[in-house]
Amino acid sequence: MQTPKSETPPPGPPPRIPNLADWRFNRYLTMQLMPLFYLLLIAGALIMVVSVVGLCFWFSTLAGIIAAVLAPLAFVVMVAVIRAALEYMIMAHRIMRIIERMDALPGQVADLSVRVDGITNHVDELSGHVTDIHETLMHARPLLRSAGLPSRLLNALRRRTPDA
């Protein structure tokens, strides 16, 4: 599944409706244009309800009065249906974005695996260095103890001599 990728925006202030002339569809505009769609659909519903009431008055006054009484209810129902449809579109858009992120997970996990392998190799090298240092210190331990013997003798002699 090929997903559109966002590109870096040009420098300067962002336009109100960016990438409107993006013929490759590299960026989704659905969420940015949703308020405009909502207003246009409500205006269309209002025009349709007023037109139906006007036609009913044209046919007969009684039909016009009945239509005028029912018009607010019809308008509220139409706005509710429009709102539900747009919320469904928003939900589908969000699910699609989640799926796009999930599609990217295998690549991210593969990269993570390579990084973990690199860290493991570094830890193994450090462990080897620590082992080498430990072995060297164990071999040098007798030399370090014997090197400390003259200082201990001098300290012992200093303690035995009375202060003048």
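Values below: all heavy atoms of this structure, side chains included; hydrogens, waters and symmetry mates excluded. All values derive from a computational prediction rather than experimental measurement.
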Is V81 linked to L41 within one hydrophobic cluster, defined over Ile, Leu, Val, Met, Phe, Trp and Tyr using a side-chain heavy-atom separation of less than 4.5 Å?
no
Closest approach of A68 and F57, non-hydrogen atoms and distance?
CB-CE1, 4.3 Å
How far does CD1 of I66 sit from OG of S60, to the nearest 0.5 angstrom?
7.5 Å
From L40 atom CG to I47 atom CD1, the distance as rounded to the nearest 0.5 Å:
9.5 Å
Nearest 0.5 Å, please: how far is CG in L70 from CD1 in I65?
12.0 Å
If I compare all heavy atoms of C56 with all of A63, which pair ends up nearest, and what's the gap?
CB-O, 3.5 Å
Say whether L55 and F75 are linked into one hydrophobic cluster, either directly or through other cluster members, by side-chain heavy-atom distances under 4.5 angstrom.
no
Side-chain heavy-atom pair H93, M96 within 4.5 angstrom cut-off:
yes
Minimum-distance pair of heavy atoms, taken over all atoms of V49 and A71:
CG1-CB, 3.5 Å
Are V50 and M48 connected in the hydrophobic side-chain network, where two residues link if heavy atoms are under 4.5 Å apart?
yes
If we only count heavy atoms from C-beta on, is the Y38 to R83 side-chain gap below 4.5 Å?
yes
dist N121:CG -> L126:CG (nearest 0.5 Å) comes out at 11.0 Å
Rounded to the nearest 0.5 Å, the CG atom of D124 sits from the NE2 atom of H129 at a distance of 11.0 Å
Side chain to side chain contact (heavy atoms under 4.5 Å, CB included) assessment of M91 paired with E87:
CA-CA 6 Å; M91 180 187 65; E87 286 181 3; over 6 Å; no
Would a distance-only check, ignoring hydrogens and angles, find a side-chain to backbone donor-acceptor pair under 3.5 Å from T131 to S127?
yes
Linking I/L/V/M/F/W/Y whenever any side-chain heavy atoms sit under 4.5 Å apart, do L46 and I42 land together?
yes
pair W58-V53: side-chain heavy atoms closer than 4.5 Å:
no
How far does CE of M34 sit from CG of L86, to the nearest 0.5 angstrom?
5.5 Å
